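Below is one structure, written out as structure tokens; the observations come after it.
As the structure is a prediction and not an experimental result, all values here were calculated from the model. The chain is numbered in sequence order, starting from 1.
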Amino acid sequence: PNQMIVEGADDRHSVVSLMRPFVDWPIEEKGWPVYIHIGNGAEDILSEGVLIAFLKGSTVRTFGVMLDSDANAQGRYESVRNICREIFPGLPNNLPADGVVVENDDKRRLGVWIMPDNVSKGCLETFLRCLVPDKSHVLWKHAEQSVKKAQELGAHFTEHNWDKAHLRTWLAWQDPPDITPGIAIRKKILDPNCEAATSFIEWFKRLY
């Protein structure tokens with residue numbers, strides 16, 4: 001009855017690792033309190049019929065949508081709202097900073113969170129950057145400088161993906177070097193207890 005959709009595998013694993021210290025979340029997927037679907041990016045999730053199919057599913061009672069804001073958090077939220085308003089007419093016009101949780105007359109619930117914080121432009125990696133512990137800030141600054149130098153030397157990523165490049169570079173210097181964001185949270189290399197994560201954690205607990 002509790003389901004969620006996110007843009008990719010890193011989003012899914014990051015949510016699980018972030019929430020596991022705060023709710024009863026077994027290792028085995030069949031015991032998870034929320035089943036998290038992996039979409040194929042925001043455009044696919046927002047394409048015709050995808051969200052409606054989930055919301056009209058006979059078993060779904062509570063459904064969460066987590067997407068990157070990219071350049072415009074309010075605009076991304078409006079795309080979700082316009083699709084879901086037929087079933088959830090109580091969706092607010094403006095995206096609250098603490099995320100959206102609404103219930104309809106059928107007692108079904110919908111939650112919306114736009115990464116990183118429902119206000120800023122960015123993505124999952126923008127949010128995860130805030131989980132970097134204070135003791136690692138010197139290394140993080142070096143990662144930023146390295147990314148800038150790489151671009152000067154001809155690296156082809158765009159400015160739109162700087163936050164992704166910064167995080168991946170910093171994670172490449174951890175142990176092991178190929179660590180994923182979800183494992184980094186689980187191993188406390190990224191800190192799930194930091195203040196920046198509190199709003200998302202509270203939204204998730206409020207929804208489910």
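- By the neighbour-count criterion of 12 heavy atoms within 6.0 Å, atom NE2 of H137 is densely surrounded, having more than that number from other residues, nucleotides or ligands.
- Between the side chains of S120 and D117, a donor-acceptor pair is found at a separation under 3.5 Å.
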Open item on the list: If you apply the rule side-chain hydrogen bond (donor to acceptor under 3.5 Å, both in side chains), what do you find for D98 with S199, and how did you get there?
Closed with: CA-CA 6 Å; D98 59 350; S199 292; over 6 Å; no

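- Look at E29 and R12 and you find a salt bridge, because one of the NZ, NE, NH1 or NH2 atoms lies within 4.0 Å of a carboxylate O, short of that distance.
- Salt-bridge check for D70 with R76: passed, with a basic side-chain N closer than 4.0 Å to an acidic carboxylate O.
- More than 12 heavy atoms of other residues, nucleotides or ligands shown are found within 6.0 angstrom of CG on N161.
- For K188, the NZ atom is loosely surrounded, since the number of other residues' heavy atoms within 6.0 Å does not exceed 12.
- M66 approaches M4 most closely through the heavy-atom pair CB-CE, 3.7 Å.
- Every residue two or more places apart in sequence or in another chain that forms a ring pair (Phe, Tyr, Trp, His ring centres under 6.0 Å) with Y208 is listed here: F204.
- Under a cut-off of 6.0 angstrom, the local environment of CD in E152 is crowded, with over 12 non-hydrogen atoms contributed by other residues, nucleotides or ligands.
- Proximity of the aromatic rings of H142 and W173 is defined here by a centroid distance below 6.0 angstrom, and this criterion is met.
- In this structure Y77 satisfies the ring pair (Phe, Tyr, Trp, His ring centres under 6.0 Å) test with no other residue, sequence neighbours excluded.
- For residues 36-57, the set of pairs meeting the ring pair (Phe, Tyr, Trp, His ring centres under 6.0 Å) definition, not counting sequence neighbours, comprises Y35-H37, H37-F54, F54-F63.
- Salt bridge status for E103 with K107: present, with a side-chain N to carboxylate O gap under 4.0 Å.
- Remark: the backbone N or O of L167 is not paired with any side-chain donor or acceptor of R129 at under 3.5 angstrom.
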